[in-house]
Amino acid sequence: MTRHKRRLFWFICFCLVFSSVLAVVYGLFYFHPNDLKPQITQWVQAKTGRQLKIHGDIQLSFFPWLGLKLGATELSQAPEFQTANSAPFAQIQQAKLRLKLKALWAKKIEMDTVLIQGLQLNLKRDAQGRYNWQSLADDHDSKVNDPIKPRFSWDFHGLVIEQSQLVWQDDGAKAANRLQLNDIELRVHELNFNQPIDYQLKLTTNTPRYQQWDIPFDQLALQGQLHITDGTHFKLQNTALTLHHRTQNIDIQVFLREGDLMGDHLRGQVQINSAELRPWLPANAVAALPHPADWPLKTHLAFAFEGQAGVWQSKAGVVQLGQEQLNWSKLLFDVEQQTLNVVQWQGTLFGLAMQGALQARHVLSAPQAQGSLALANFNLHTLLRQLKPFGLKSLATRDGKAFSQIHAHTDWQWQQPTLALSALTVQLDDSHLTGALQWQTTNNALAFQLNADTLNLDRYLPPDAPTQTSQPIKPAKKSEKSRLTLLQDLSINGILQAQNLTLAQLQMQRIQLAIHSEKGKISLSQDKLIDR
């Protein structure tokens, strides 16, 4: 290269550098990024059909980071979701993001931690089942099944969302429901493409009820890993969820081994330790429970679960209430069909061992259920001693060994207001009984049809009271009376057939008795003789 050409080359380089410096200086002193607001809002309107309003200032920085600071901004709802009183789809108080200039020359995107403060997100499903974010998620220019192939390598230092709120309005349900989450804090660490992302999420809620469910916690903490496999699948891994009760110091812990959010697939386990159940129940439900006011209702719950497309399965579950325990081997719950199927369960209640199966329909609206129940051998006197705190007294019989050997099996069906037992078999000491039973809860009426082989009713009658000076009977305490109201007001009408029956020391064969009870008084009458 000749001397003249070298001088020309360096002159051109000098002019380019000088022009670049002048452009930067001009931009710093004379260019105002707020002047771009109209162009930005027009571009968003053209791409999304939504209106973007930038109320705050736009600030730029150039070296060593290319930074953007955005003030108060809001994005409107989609046109089909806009009403006179509709809140914006999203709005923020402030956002900051920065890119490292030096990394861009090496085709590398190095982004500093993104900060978003005061985010308010209003999500909604309308009566037609449409979601107000669907238009943002639609991308007609790309194939959903094609994985994302970035042209640049990514180095994302993290994401911080603070002082934020999310409102979910569901008008697509049978009754409109609203859920509000407040004080949202989300922290995401070191985001790398196609790699699991560590994150922590905290929030509170002041929504006491959503759909049919009470929400008895006011704090939620979520920590784990999020794996974005492609443009549509978001998987959770090794995630721990803690729910804190608003009035009691109770934590519910859920550990999620893996889950696909968009595919509705989750797998993990749930555990509740030493939780007082009383605050979780509605006041009318607590008042209706037949237990003393000071009786502890502490529960322990643990089970594994797996679900996909609204169908949830639980294996090896256990729930413990005080000393009582219930286990199940397999449980299936279909949210859409509102069906619950417990293939096999077993448990203990006040020392009484039992097992059975359960199938239920319309569990979230008007429950109907059926199943089977088997009671292991038990002593009624021992059971009544366990139930003494509930106001039940011991049972005195002429034969002290009566009610000492009982076990039973039955199929059952529940449809408000009727509980029906069919295919009932009972072993009562030396007697074997079969038949059916029906209880109407509205008028507290019990009807039955029982058949016995050999039955000695004298054994089960109360002992003869010794002659003694009559004394005034003290009225029952109010609490005791309320606990016995169910038995006192029970109306009984039934038929008892027996091949061999002993009553009042009379031995009868092939006899049929009509049994009637009203306000605690029992009457017996012979109906007819059995033909055979």
Side-chain angles (χ1 to χ4, degrees), residues 350-354 372-388 392-412 419-440 444-468 470 473 484 486-532:
F350 300 106
L352 177 61
M354 58 187 73
S372 62
L373 173 65
L375 303 178
N377 190 63
F378 68 96
N379 187 310
L380 181 60
H381 302 287
T382 303
L383 178 61
L384 290 176
R385 284 195 293 269
Q386 295 280 346
L387 296 173
K388 186 177 180 180
L392 297 180
K393 298 181 180 180
S394 59
L395 186 64
T397 58
R398 293 181 181 179
D399 185 350
K401 295 183 179 180
F403 296 112
S404 60
Q405 299 288 332
I406 306 174
H407 62 267
H409 181 277
T410 185
D411 295 330
W412 60 271
L419 174 63
L421 306 184
S422 60
L424 174 64
T425 62
V426 180
Q427 187 68 37
L428 176 62
D429 298 324
D430 298 329
S431 303
H432 182 73
L433 298 92
T434 61
L437 181 148
Q438 183 172 290
W439 177 35
Q440 294 283 342
N444 201 18
L446 180 67
F448 64 86
Q449 172 84 42
L450 292 176
N451 302 311
D453 50 5
T454 300
L455 181 61
N456 185 351
L457 290 179
D458 289 344
R459 298 181 59 189
Y460 305 99
L461 295 177
D464 296 330
T467 303
Q468 58 182 4
S470 61
I473 300 176
L484 297 176
L486 179 64
L487 295 178
Q488 292 174 345
D489 295 341
L490 184 62
S491 174
I492 300 177
N493 285 285
I495 299 296
L496 173 63
Q497 294 181 350
Q499 294 295 325
N500 296 283
L501 180 68
T502 300
L503 178 62
Q505 299 182 356
L506 294 177
Q507 295 183 354
M508 295 168 280
Q509 294 182 338
R510 301 192 305 277
I511 191 72
Q512 178 171 296
L513 293 179
I515 303 176
H516 178 74
S517 173
E518 193 74 29
K519 295 183 179 180
K521 296 182 179 179
I522 301 176
S523 60
L524 304 176
S525 61
Q526 179 177 332
D527 191 0
K528 64 178 181 179
L529 294 176
I530 304 174
D531 294 336
R532 64 174 189 175

When every non-hydrogen atom of Q505 is compared with those of T502, the smallest separation belongs to CA-CG2, 4.5 Å
D453, T425, V426 screened by side-chain contact (heavy atoms from CB on, under 4.5 Å) with T434, the one that passes:
T425
Go through L380 and L395 one step at a time and tell me if the side-chain contact (heavy atoms from CB on, under 4.5 Å) criterion holds.
CA-CA 8 Å; L380 181 60; L395 186 64; 3.9 Å; yes
Between F448 and I492, does the side-chain contact (heavy atoms from CB on, under 4.5 Å) criterion hold? Intermediate values first, please.
CA-CA 8 Å; F448 64 86; I492 300 177; 3.6 Å; yes
Rounded to the nearest 0.5 Å, what's the gap from CG on L450 to CD1 on I495? Could you check?
10.0 Å
Name all residues meeting the side chain to side chain donor-acceptor pair (under 3.5 Å) criterion together with S394; count only those two or more places apart in sequence or in a different chain, and write none if there are none.
none
With rounding to the nearest 0.5 Å, note down the distance linking CD in Q507 to CG in N500.
8.0 Å
Please lay out, stage by stage, how L506 and L501 fare under the test side-chain contact (heavy atoms from CB on, under 4.5 Å).
CA-CA 8 Å; L506 294 177; L501 180 68; over 6 Å; no
List the atom of F403, the atom of D429, and the distance in Å for their closest heavy-atom pair.
N-OD2, 2.9 Å
Which residues pass the side chain to side chain donor-acceptor pair (under 3.5 Å) test with Q405, sequence neighbours left out?
N377
Interatomic distance, CG@L375 vs CG@L373, rounded to 0.5 Å, equals 4.5 Å
Evaluate side-chain contact (heavy atoms from CB on, under 4.5 Å) for L503 paired with M508, printing each intermediate quantity in order.
CA-CA 8 Å; L503 178 62; M508 295 168 280; 3.9 Å; yes
Nearest-0.5 Å distance that lies between atom CG in L428 and atom OH in Y460:
3.5 Å
Across all chains, not counting sequence neighbours, the side chain to side chain donor-acceptor pair (under 3.5 Å) partners of H381 are none
H409 and S372: which non-hydrogen atoms are nearest, and at how many Å?
NE2-CB, 4.5 Å
Closest heavy-atom contact between F350 and L383?
O-CD1, 3.6 Å
How many angstroms lie between atom CD of Q499 and atom CD of Q509, to the nearest 0.5 angstrom?
8.5 Å
Taking all non-hydrogen atoms of both residues into account, name the closest pair between S422 and A436 and its distance.
CA-CB, 4.5 Å
Please check if any side-chain donor atom of Q427 sits under 3.5 Å from a side-chain acceptor atom of H432, or the reverse.
yes
What's the spacing between L496 CG and N451 CG if we round to 0.5 Å?
8.0 Å
Minimum heavy-atom distance between A402 and T397, given as atom pair plus value:
CB-OG1, 3.8 Å
Compare all side-chain heavy atoms of Q449 with those of Q497 and state whether any distance is below 4.5 angstrom.
yes
